[in-house]
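Data first, discussion second: the structure below is written as structure tokens.
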Amino acid sequence: MGLRQMIFHVVLIKPTRYDDAGYPIHWTRSPLPSNTLACMWGIVDDCRRRRVLGDDVEIVTTTIDETNARIDHARLIARIRRDGGRALICLVGVQSNQFPRALDIAGFFRAAGLPVAIGGFHVSGCLAMLDSLPPELAKAQELGIGLFAGEAEDGRFDAVLLDAFRGRLAPLYDHLSDLPTLAGQPLPFLPAELVRRTISESSSFDLGRGCPFECSFCCIINVQGRRSRYRTPDDLEAIVRANAAIGIREFFTTDDNLARNKDWEALFDRLILLRERDGLEVSLQIQIDTLAHRTPGFIEKAFKAGVTKLFIGLENINPDNLAIIKKKQNRITEYRDMLLAWKKYPVVITCGYIYGFPGDTRESVLRDIDIIKKELPIDILYLTILTPLPGSADHKRLTAEGVWMDPDLNQYDLSHPVVHHPTMSDEEFASTFAEAWQRFYTPDHVERVMRRAAALGSDKRYTIAHRLFYMGELTRINGEYSLDMGPGRLRYRSERRPTLPLESWPRYFGRVARDFASGYIRAMWVFYSYRRMARRIWSDPERFRYRDAAIAPASETEFESLDLYRETRGGDRAVLKHRADAERLANAKRRS
């Protein structure tokens, strides 16, 4: 009889953040899967298969995405103790706004004597850009928590596992200067039970990391580097087949700019081959930059490969604002043509848009939203506040200048002001953001977006209707301005942030009942009204005749008459540059 194997538990937790009332944000289903969880699951499973802790140790993995699940600390601790008491608790992919919650979760496990490690963009960004350890990271180390900076592939996680197993977790594992290649690395994967807790039952993977651009608000270039690293077509096929085996064929790819991947065509060709040869069709949501349409064949092959949803960092329609954040690759004179190039195919387009530049006023921001609604064929607008995230060049600069920034990291979720605006009061700054968000999702514009999609031949009637509902109506109800918002908010009275008092039962349940009565009953009516609207529009035999300024052919719209160029700060100079570029191109063609 063989000896009983020792069990070592690895608990992977993607923490959520607290809402304004101090309660962790849980949803019955989350909208997006966590790519960090998927990557870490694959890395830990690779350690298990390689027997990193020895042939007599079995690694058992527990994976929790707190946006759609509640952590039962007592049960987890009891299970670990029952199996011998050896474990490592990993708080993974922790962003700045999730760091306070991550520290509170870590406290439960540290009180039980279990080793805890925290990694993610906040840890990595601070260590990459700041001259000294910020107070929250120092506090974590005082609690005996190990910090992990950088990426965990290529065997880098082995040392963390071994140290935790031996009971001597190091204060810091710093791999920022030693970024791994991605080809042939452990593949990102999420177990089926986790995937089925997302709205569309989608999983996640990345095909490349790093970004060549220099946007001052971005952390990616300072954490993942500006030199791109890639997975291979064979890696991609293995990811698709592993997920198909558990019934998953929808994916969110987290590459910041998939079009910058030098192997994009080979990757798309592999997906096309899997569909045509093996019947393995996938649906992809990708992130691209505003120049992707210039790459010959990219849009057509993206659609053939299964791309159905896009996220584009439009960021702003004022060239002067784009210059402030070094977003020089974004050219407003190309926005409309770029969007219409994608709209030749039935894809749903979400555009990121930043508010809070020094020259912004309530009036100018609402004007810009109206211009976007009238002249750009965007389906979903994701409005965010210009935020100096730790790890960005903006945060480093403001830190060096001694500018006040909100010390509560929970506020750094891109929807709360964390610095003072030069012309607006804090109250006006916050209220204008909420007003601008709702300005886009008015009932008349919801119908306009659907009519455009139907006129252009899209078959995504309910996808568009549901996304408009989530981003418009559910945002209004929940007061959460985020792509991470799902249906069915869950609250637990006992989980309130430790810095806030525990609410009495009558007060707590009274507020929950009021929220339900005032919000979700109306939400159900709006949800079904949007679906009825979609059915009506798509069943209209005249739907293909609809035109407006955003989707009219170029010959029907005078280019320079658009408010996009006449009313924006720097729009006139953008038009002059556009003319000069067009003239140079015409002269070059004549000479050739």
Side-chain angles (χ1 to χ4, degrees), residues 213-217 257 259 288-296 298-299 310 312-344 349 351-379 381 383 386 423 436 439-440 445 448-449 452 456 547-592:
F213 298 123
E214 300 177 319
C215 308
S216 65
F217 61 88
N257 286 307
I288 55 166
D289 59 68
T290 57
L291 301 179
H293 69 293
R294 288 185 172 189
T295 303
F298 183 84
I299 294 178
L310 308 172
I312 304 174
L314 204 70
E315 315 308 13
N316 210 260
I317 62 171
N318 294 274
D320 289 355
N321 287 346
L322 293 170
I324 290 173
I325 56 175
K326 298 184 179 181
K327 197 81 176 182
K328 59 186 178 182
Q329 68 271 24
N330 282 24
R331 302 171 185 177
I332 69 166
T333 50
E334 292 192 34
Y335 280 0
R336 191 169 172 279
D337 288 343
M338 176 266 296
L339 292 165
L340 287 174
W342 280 105
K343 279 297 182 179
K344 292 178 182 177
I349 299 177
C351 285
Y353 195 80
I354 299 175
Y355 152 75
F357 291 92
D360 284 347
T361 64
R362 174 183 176 275
E363 292 73 24
S364 71
V365 170
L366 297 182
R367 176 208 65 201
D368 291 349
I369 296 296
D370 288 341
I371 291 173
I372 291 170
K373 290 165 63 175
K374 184 175 68 172
E375 298 179 353
L376 295 178
I378 294 168
D379 299 312
L381 191 70
L383 197 69
L386 183 60
T423 62
R439 182 86 159 213
F440 185 85
H445 189 60
R448 185 184 296 129
V449 169
R452 288 172 181 166
L456 294 173
R547 284 294 181 272
D548 62 25
I551 64 172
S555 58
E556 297 179 20
T557 304
E558 289 294 330
F559 177 81
E560 295 180 19
S561 69
L562 295 175
D563 288 342
L564 179 64
Y565 311 126
R566 297 189 306 161
E567 300 294 332
T568 53
R569 292 190 299 278
D572 52 349
R573 293 194 304 278
V575 170
L576 290 174
K577 185 178 186 306
H578 178 81
R579 286 183 196 156
D581 289 344
E583 187 175 346
R584 278 196 298 270
L585 181 61
N587 289 335
K589 285 183 177 179
R590 283 195 294 268
R591 287 194 298 269
S592 64

Reference residue D548; test side-chain hydrogen bond (donor to acceptor under 3.5 Å, both in side chains); the match among R448, R452, K373: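 Among R448, R452, K373, the one that satisfies the side-chain hydrogen bond (donor to acceptor under 3.5 Å, both in side chains) with D548 is R452.
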Shortest non-hydrogen contact from [X] to [Y]?
X	Y	value
I332	A574	CG1-CB, 4.0 Å
A259	I288	N-CG2, 4.5 Å
Y565	V575	CB-CG2, 3.4 Å
M338	T290	CG-O, 3.6 Å
S216	I324	OG-O, 3.9 Å

Heavy-atom check, side chain of K328 versus side chain of E214, under 4.5 Å: yes
Flag side-chain contact, heavy atom, 4.5 Å: K374 against D563: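 A side-chain contact exists here, since the closest heavy-atom pair is under 4.5 Å.
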Has [X] got a side-chain atom pairing as donor or acceptor with [Y]'s backbone, closer than 3.5 angstrom?
X	Y	answer
Q329	L291	no
T568	L564	yes
Y355	L383	no
D337	H293	no
N316	L322	no

Trace of the side chain to side chain contact (heavy atoms under 4.5 Å, CB included) decision for I371 with E567: CA-CA 9 Å; I371 291 173; E567 300 294 332; 3.9 Å; yes
Set of residues satisfying ring pair (Phe, Tyr, Trp, His ring centres under 6.0 Å) with respect to Y353, sequence neighbours excluded: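 Counting only residues at least two positions away or on another chain, Y353 forms no ring pair (Phe, Tyr, Trp, His ring centres under 6.0 Å).
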Residues which pass ring pair (Phe, Tyr, Trp, His ring centres under 6.0 Å) with F440, listed by chain and number, not counting sequence neighbours: H445
NZ/NE/NH1/NH2 to OD/OE distance under 4.0 Å, R439 and D368: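 Result for this pair is no, no salt bridge flagged.
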S364/R569 under side chain to side chain contact (heavy atoms under 4.5 Å, CB included): CA gap, chis, key distance, verdict: CA-CA 10 Å; S364 71; R569 292 190 299 278; 3.9 Å; yes
Single hit among I349, I354, L376 for side chain to side chain contact (heavy atoms under 4.5 Å, CB included) with L314: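 The passing option is L376.
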N318-D320 side chain donor-acceptor pair, cut-off 3.5 Å: no
Derivation of the side chain to side chain contact (heavy atoms under 4.5 Å, CB included) call for L339 and C351: CA-CA 10 Å; L339 292 165; C351 285; 4.2 Å; yes
Mind checking the [atom1]-[atom2] spacing from [X] to [Y]? Nearest 0.5 Å is all I need.
X	Y	atom1	atom2	answer
L310	I378	CG	CD1	11.5 Å
E315	I312	CD	CD1	10.5 Å
K343	I551	NZ	CD1	9.5 Å
F213	K327	CZ	NZ	7.5 Å
W342	L340	CH2	CG	13.5 Å
L386	D360	CG	CG	9.0 Å

Under the side chain to side chain donor-acceptor pair (under 3.5 Å) test, residues paired with D289 that sit two or more places apart: R260
